[in-house]
Peer 1: 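One structure, pasted below without further comment.
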Protein chains: 2
Amino acid sequence: MNFQVRKQKIIEQLEQDGIIDVKEIAPLLETSEITVRRDLAILAEQGLLVRTHGGAMKVSLSQMPVSFAQKSAVNAEQKDEICRKAAAQIQEGDVVFLDCGSTVFRMCPFIRNLNIKVVTNSLPIINELMGSSVSLNFAGGEIDSERQAAHGKIAVEHFQRYRADKAFVGIDGISLKNGLSASSEKEAEITMAVAQNARETYFLCDSSKLERDRYFPFAGIDFVKHLITDSRASEGLLGEYRSRRVGMIV
Amino acid sequence: MNFQVRKQKIIEQLEQDGIIDVKEIAPLLETSEITVRRDLAILAEQGLLVRTHGGAMKVSLSQMPVSFAQKSAVNAEQKDEICRKAAAQIQEGDVVFLDCGSTVFRMCPFIRNLNIKVVTNSLPIINELMGSSVSLNFAGGEIDSERQAAHGKIAVEHFQRYRADKAFVGIDGISLKNGLSASSEKEAEITMAVAQNARETYFLCDSSKLERDRYFPFAGIDFVKHLITDSRASEGLLGEYRSRRVGMIV
DNA sequence: TTATAATTGATTATTTTTGAACAAATTTAA
DNA sequence: TTAAATTTGTTCAAAAATAATCAATTATAA
């Protein structure tokens with residue numbers, strides 16, 4: 001039995017049971033355990049399954065409960081650097097919009113002792129700032145359980161009812177050519193509502209996302225007045241952005 | 001059974017019951033208690049649960065301020081009895097308003113597998129039902145950190161935008177003479193908004209609160225069409241309520 | 001055919017996971 | 001409050017799984 005056939009059978013079994021065991025499947029494939037392991041390593045590399053100690057499991061099962069906390073831990077150091085700078089822009093008494101991105105979420109520890117008013121559509125932010133000195137206002141509407149945030153018409157209208165001194169928005173992609181882009185229309189919708197009803201909008205974006213486009217472009221680069229990024233961004237790039245009148249805070 | 005599978009089962013159980021016990025779950029996972037503890041430690045590290053002495057609990061439960069958790073535990077048995085009956089009134093496909101009381105909160109386990117739409121101003125309810133089969137809609141507005149809920153004009157207007165099949169409202173006090181009464185105006189305001197925009201409103205009230213008045217009366221007894229209470233309520237009292245055309249569900 | 005490359009299996013060393021024992025800490029009961 | 005019981009952290013050893021290395025087999029191409 002060659003690799004292709006074994007691959008077939010492994011995937012098949014995985015679809016059926018969700019998990020497989022090296023010891024169990026080796027005789028079924030008429031091969032040794034070490035070969036099975038090698039097969040699994042290859043399939044894991046291709047993203048077709050997730051290795052476990054002693055076997056493998058379906059991708060969907062392994063990723064099921066990815067907590068917000070974990071997502072927010074990706075590139076944690078850069079994000080903290082950005083968030084410290086973002087928080088420094090806020091003054092006591094400000095009314096602040098915060099969007100629902102994982103970067104913005106990390107601003108919480110830096111602002112929880114300020115006497116400000118926060119309007120947000122992010123449940124993790126509300127939970128995090130509950131009981132702090134920040135006065136909270138949640139933008140209601142349909143809840144997206146994946147992003148743990150409200151979205152849609154109602155949420156947009158909620159932001160439009162208020163005027164904020166400052167808004168802080170995480171962005172998925174930005175480039176000189178195509179401006180701002182998002183991974184979903186819903187995100188873009190909220191971003192625009194937030195930005196248009198704040199006196200100053202600060203876009204947060206770690207350096208890895210500079211000059212990267214997402215599938216849904218929704219605003220030109222001229223729309224961006226303040227961009228906060230981390231110190232890993234190249235000097236040349238920063239200069240180019242500045243020449244387009246983007247205020248860079250690095 | 002390897003770690004990945006155990007992790008699955010632990011999270012599953014946690015979603016279902018809210019808490020788990022090391023002693024109870026160890027045999028279910030076909031492993032020793034020490035291994036379960038190690039698993040829990042890892043999952044706690046990842047923020048997927050919160051460790052307790054002897055087991056673990058859902059993050060959402062632990063984040064509740066003491067006041068709410070304690071309140072929700074007072075008269076727990078009666079409240080569960082009431083909530084089971086309340087949940088039995090709900091049908092698949094219903095749009096349901098839930099208010100922010102600690103009694104109503106306890107309905108969550110009984111409805112999390114229903115295909116319904118829930119509109120609420122309670123953060124604990126949102127956190128509890130997140131990821132369930134219930135479609136969620138949060139009534140936004142100013143957040144009251146003590147009650148962990150939105151209140152005020154915006155929240156009221158939010159409820160007014162929708163029409164629900166059923167509303168479930170906890171009440172602090174009710175009496176034949178003075179009707180419904182609340183401990184605060186804000187609560188009464190939300191209660192009225194919810195009740196007036198639902199086809200049927202069910203008032204939840206454990207028997208200890210019958211014939212007890214609070215400082216702010218806000219609606220006559222005629223306003224109450226359905227009252228759900230526990231079996232400790234005296235027969236005579238129930239009869240009196242029924243004679244005032246209050247539909248009693250005991 | 002012969003040389004080369006790819007695949008497989010066996011062996012051994014290393015890593016990971018698990019369970020047991022016991023002291024320390026925490027909770028519960030008196 | 002103190003004493004008893006429970007739970008936990010820590011250390012160590014056993015077991016299981018894996019990676020690494022090398023030899024054997026099979027397939028491929030000149």
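Order of the sequence lines sets the chain letters (A, B, ...), proteins ahead of strands, with each chain counted from 1.
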Peer 1: B/Glu142 side chain to B/Ala150 main-chain N or O, any donor-acceptor pair under 3.5 Å?
Peer 2: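 Checked: no pair found.
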Peer 1: Between B/Leu40 (CG) and D/dT8 (C1'), how many Å, whole number?
Peer 2: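 For the pair B/Leu40 CG and D/dT8 C1', the rounded distance is 12 Å.
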Peer 1: Output one letter per nucleotide in nucleotides 6-16 of chain C: B when a protein non-hydrogen atom lies under 4.0 Å from the base, S when only the sugar-phosphate is that close, - when neither is.
Peer 2: --BB------S
Peer 1: Taking atom CD of A/Gln8 as the centre, report whether more than 12 heavy atoms of other residues, nucleotides or ligands fall under 6.0 Å from it.
Peer 2: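 Open.
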Peer 1: Please enumerate all residues that pass salt bridge (charged side-chain N to carboxylate O under 4.0 Å, His left out) together with B/Lys186, with sequence neighbours excluded.
Peer 2: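 B/Lys186: no salt bridge (charged side-chain N to carboxylate O under 4.0 Å, His left out) contacts found.
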Peer 1: Please determine whether a side-chain nitrogen or oxygen atom of B/Lys23 lies at a distance below 4.0 Å from atom OP1 or OP2 of D/dT7.
Peer 2: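 For B/Lys23, the contact criterion (side-chain N or O under 4.0 Å from OP1 or OP2 of D/dT7) is met.
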Peer 1: In whole angstrom, what separates A/Ile42's CD1 from D/dT18's C1'?
Peer 2: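 So the two atoms are 16 Å apart, to the nearest Å.
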Peer 1: Measure from CZ on B/Arg37 to P on D/dT11 and round the result to the nearest Å.
Peer 2: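 In whole Å, D/dT11 P lies 16 Å from B/Arg37 CZ.
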Peer 1: Counting only heavy atoms from other residues, nucleotides and ligands, does the tally under 6.0 Å from CD of B/Glu235 exceed 12?
Peer 2: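 Incorrect, the count does not exceed 12.
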Peer 1: Please find out if less than 6.0 Å separates the ring center of A/Phe138 from that of B/Phe138.
Peer 2: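 Ring centroids of A/Phe138 and B/Phe138 are less than 6.0 Å from each other.
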Peer 1: Apply ring-ring contact (aromatic ring centres under 6.0 Å, His included) to B/His158 and list each qualifying residue two or more places apart in sequence or on a separate chain.
Peer 2: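 Per chain and number, B/His158 pairs via ring-ring contact (aromatic ring centres under 6.0 Å, His included) with B/Tyr162.
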Peer 1: Is the shortest side-chain N/O distance from A/Arg51 to OP1 or OP2 of D/dA17 below 4.0 Å?
Peer 2: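 It does not, given that no N or O in the side chain of A/Arg51 lies less than 4.0 Å from OP1 or OP2 of D/dA17.
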